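The structure presented is a predicted model; accordingly, all values stated were derived computationally and were not measured. Order of the sequence lines fixes the chain letters, A, B, ..., with proteins taken first and strands second; residue numbering starts at 1 for each chain.
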Amino acid sequence: MLPELHRLRHEKDMKTLFARGRSVFGSLVGMKMCPNGLPVSRFAVVVGVKTAKSAVDRNRIKRRVRSIVQTHISRVKGGFDVCLLPRKEALTAKHKDVEASLMASFKKGKLL
RNA sequence: AAGGACUGUCGGAUGGCUACGUGUUUGAAAGAACAUGAGGAAAGUCCGAACACCUGUUGUGCCGCAAGGUAUGACAACAAAGAGAGUCGCUAACGGCGACCAGGUAUAAGAAUUGGGGCUCGCGGAAUUGGAGAAAUCUGUUCCAUGAUUCCUGAAUCAAAGCCUAGGGAAAGUACCACAGAGACAAUACUAGCUCCGACGUCCGUCGGAGUGAAAGGUGAAAAGUGAAGUGGUGUUGAGCAAUCAGCUACGCUUCUCGCUCCAUGGUGACAUGGAUUGUGGCAAACCCUCCACGCCCGCCAAAGCCUCUCGCGGCGGCGGGUUCUGGUGAAAGAACAAAUUUGGUCGUUCGCUUGAGCCUGGUGGCAACAUCAGGCCUAGAUAGAUUGCCAUCUCCUCUGAGCAAUCAGGGAAGACAAAAUUCGGCUUACAGACAGAUCCUUGGAC
RNA sequence: CGGGCCAUAGCGCAGCUUGGUAGCGCGCUUCGUUCGGGACGAAGAGGUCGUGGGUUCAAAUCCCACUGGCCCGA
């Protein structure tokens, strides 16, 4: 789990993010981002029922993505709210591939 | 020992680096250290309860002169509403559990019955230009019929532990029972058949009416008395010249079987057994009736706290509602005032929140469900939602190759179902693999 | 956490209340009509009534449990 400072928690923030955010698509993980005016970046991971039916699978995807963010969090620029949207394939893909896809998305969004 | 049934338990282990939730300790703080952190179904949300608010009546304690306030209990008419009701128990309660009763149902090995076939043996008959012998006769072969043993096989019957049952009442009443059938639930009289009367008519016969006719008829899931055996006996059919014989059969009687009612005995009871009497469909998971139970609403997003006292422990909050002015038909919109008090809600936050109908071990009572006693233990509390990510080793599983085998080498690799959301008790559904049973039943063997 | 609805022919829907025959429209097949196609006319095929149990003589219909899909409220 991420430190509390980097979590994006409130529904209001999520609404503004989805209303105004910029989308970035990746092979395994996509994301939505917009500036938040804070010194740090905040992250949320959303896995819908359509992505994975079982609650166990959904939780597993979320944990894997969050752990990757956590290892690279020192390199990420501050000042953005980011919502990560993994695809179905992220459940069965290998850890390295998910990591590569996520880093590519970060580069696309100029977060690195 | 084999086969079957049932039940219960488990649901990888150890370690390394790293991350998060909670708690404790330490520290001025940042932080650090230690401990701890998903399930048997956490699921589906099908029942029940705890807890909480509300309505009415009311008891007790405290405060108050009183009105009343506050804390804590008890009860709840009528009505709506109930998947309550075989019996006895267990449980906080339950569409739950245990034991028993009744009914239904499935088959394994097996049992006895019967049909077909095969091997072997035996008896009898027939045939034979087979063989032996002078002959009687003996023997062989084939065919027919038949018996015994054993094997194979078919049929239906019996048949275990089990499994299933929303198991009261159909003689209180209503509704329904399609099609078919004369008639579908209380008796009807359609067609045969028979008798009489009338009309037509020579008779036969035809038509109409009245009566008789259930001991003839078929339909259907079901037709006033359930099936079987014996006997008497009626009618009818067939055979026969006839006497008579045979088949079917209403009805009566006797015996057995099934059911209602009553009585007796046994059992706490559902019921069982025996005796007597009698013989009036189904459906209540259609309405309904009886007894029983039940206050209503709501469902932890409940309820309560966030100025002060207090509580609680840190967010000392943000937004809305107010007043005045501008504006305008009005509504919106804009600006200003914000001192105190009050109100309602939303977001946030605290609490509710995890010590509980709790878990483990042992004893006692009980067939059991369960109850009770003693000792020990503390074991998740998140809220965009923690309980992890990556890796190594060991067993376990699996694939390939070598080998008679033990085993060796290499590859895959924890593999199922599935993640707390107020808390418990059940039910239902899903589930890779592993283990267990002084359980139950059947068959076989040994003593 | 609580409440409700749906599943019937290839597609869209009736039938369920009050249990006995599964039906309508479009589509499909064949034939006719036309020089040909469309339209039109005639005939026809096509159904485990989502799955599994129970009640009943009999279940798409009544009852229960599942599966899948959809909606609403706090």
Side-chain angles (χ1 to χ4, degrees):
Chain A
M1 200 58 194
L2 296 166
E4 210 163 324
L5 187 68
H6 292 289
R7 291 188 212 167
L8 178 58
R9 330 188 63 154
H10 301 307
E11 189 163 353
K12 204 184 285 179
D13 299 330
M14 291 299 289
K15 273 185 180 164
T16 56
L17 172 57
F18 272 88
R20 301 183 184 170
R22 196 156 65 83
S23 297
V24 177
F25 299 99
S27 58
L28 293 172
V29 183
M31 63 189 212
K32 198 110 179 170
M33 49 180 283
C34 80
N36 62 359
L38 296 174
V40 296
S41 283
R42 298 185 296 182
F43 295 90
V45 182
V46 173
V47 183
V49 181
K50 283 183 184 171
T51 313
K53 266 239 159 107
S54 159
V56 175
D57 294 339
R58 284 199 300 276
N59 284 349
R60 184 170 167 77
I61 291 170
K62 285 199 256 185
R63 283 198 304 263
R64 297 185 76 177
V65 172
R66 277 197 294 246
S67 82
I68 293 164
V69 173
Q70 169 202 318
T71 53
H72 297 287
I73 199 151
S74 56
R75 299 165 54 197
V76 174
K77 283 185 193 166
F80 287 96
D81 282 342
V82 182
C83 178
L84 298 161
L85 303 161
R87 293 169 184 279
K88 213 184 299 181
E89 293 75 19
L91 179 65
T92 48
K94 295 207 168 173
H95 186 253
K96 277 182 187 169
D97 297 336
V98 179
E99 189 171 9
S101 166
L102 185 57
M103 296 320 285
S105 294
F106 277 172
K107 271 182 194 166
K108 254 182 166 177
K110 300 183 179 170
L111 279 171
L112 289 178

Hunt down any stem RNA chain C takes part in, defined as 3 or more consecutive Watson-Crick or G-U pairs whose two distances are each under 3.5 Å.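 Stems for RNA chain C, defined as runs of 3 or more consecutive pairs: C:1-7 with C:67-73, C:10-13 with C:23-26, C:28-32 with C:40-44, C:50-54 with C:62-66.
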Which value, in whole Å, describes the distance between the [atom1] atoms of nucleotides [N] and [M]?
N	M	atom1	result
B:U107	B:G356	C1'	48 Å
B:G312	B:A30	C1'	27 Å
B:A29	B:A380	C1'	30 Å
B:A80	B:G96	C1'	28 Å
C:A39	C:G27	C1'	16 Å

Paired nucleotide for [N] [Watson-Crick or G-U wobble; both distances under 3.5 Å]:
N	answer
B:G31	B:U26
B:C397	B:G412
B:U55	B:A76
B:A170	none
B:C294	none
B:U343	none
B:A369	none
B:C377	B:G358

Apply the syn/anti split at 90° from 0 to B:G40 and say which one it is.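 Glycosidic conformation of B:G40: syn.
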